[in-house]
Amino acid sequence: MPKVKHQRTKTLTIKSNDRSSDFVTPNFIYGCLGGCRNSYCYVMRYNYDTVYINDNLDDILLKLKQHVEALPFPKPANQVDPQYWTYDIGCSTDISLHWKHYDWQRVFDFFRDHSRAKATFATKYVNTALLNYQPKKKIRIRFSLMPQSVSSLLEPNTTAISERINAITEFSRAGYEVHLNFSPIVVYEGWLQEYRELFRAVAAAVPPELRQEVAAECIFLTHNPWQHERNLERGFVQSEALLWQPEKQEAKQSQYGSQAVRYQLPLKREYINQWVALHDEIIPWNSIRYIF
Ligand code: SF4
């Protein structure tokens, strides 16, 4: 079992990111006890053994304040957000899962109340305690979705996909901005049929008045050779059979410098075309912010 360690971080770096957010904050928490830690989680490529809770919130929030206030405003609209400089606060953990470990309301307050900034995080957990907060559409939750059969294998003990889908409307009505995070998209026999069912469930759950708000990021699987070996050593043979398919994959240098594998590019182009065609057939109102 990983250790949970409180510390004061000196790493106050704010990274640029033009996909899920404009920037990634310094870590409030670095590490995760999520159910996907023994399958595809990229955080586990770097930090498997410890969940670091960074207690010096004052330092992190001051750094963020200085950063956002040095940016031009109004912000030029982009696919991340038309209005606010948007910061991912949960790139190295799951905020909904680890909410008890730190003063999340203080972090949410900073973003909600700042005139130029917005926060965002992806999650695989529906935490109804967050519904007691009033985020005024300045906190964007990205619920992670994949077919339940694959989620059961790759993300054991996370919230059921049907509950995550039902949470879209609930969280949006509570004042969160809600997006979808189709990640990772895994290719296997019958994958498109299962995505058809998933898209139908989303279509049935999201009422017309919320469809303008909901948008999606879509990220095909990457994996990593050392992570693959470690998962196999720990007995995760069935999930690795899905994640590690050398006949379909090729090596790539990941954005953060580590070695990774992804679907071979010609195959991946075809997978993307098939996935987008199906998506557009069933939930055309959901705008795809980016897909790769
Ligand atoms: S919830 Fe996210 S950060 Fe946590 S183990 Fe899963 S993929 Fe990793």
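Every heavy atom of this structure was used, including side-chain atoms; hydrogens, water molecules and symmetry mates were not. Both ligands and their constituent atoms are indexed starting at 1 by order of listing.
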Side chains of Thr9 and Tyr52: closer than 4.5 Å at any heavy-atom pair?
no

In terms of atom number and element, which parts of ligand 1 are under 4.0 angstrom from non-hydrogen atoms of Asp94?
1 (S)

Thr93 and ligand 1 - part of the residue with a heavy-atom distance under 4.0 Å:
backbone

From CG (Leu243) to NE2 (His228), nearest 0.5 Å:
9.0 Å

Test of ring centre spacing under 6.0 Å for Phe110 and His114
yes

Report the nearest protein non-hydrogen atom to atom 8 (Fe) of ligand 1: residue, atom name, distance rounded to 0.1 Å.
Cys41 SG, 2.2 Å

Name of the residue among Tyr195, Phe199, Trp285 meeting ring-ring contact (aromatic ring centres under 6.0 Å, His included) with His279:
Phe199

Going by the closest heavy atom to atom 2 (Fe) of ligand 1, which one wins out of Glu155, Lys124, Arg37?
Lys124

If we ignore angles and hydrogens, is there a donor and acceptor under 3.5 Å between the side chains of Asn157 and Tyr125?
no

Which residue and non-hydrogen atom of the protein lie closest to atom 4 (Fe) of ligand 1, and at what distance in Å?
Cys32 SG, 2.2 Å

So, 2.8 Å as the limit: is an N/O/S atom of Cys36 located closer than that to atom 6 (Fe) of ligand 1?
yes

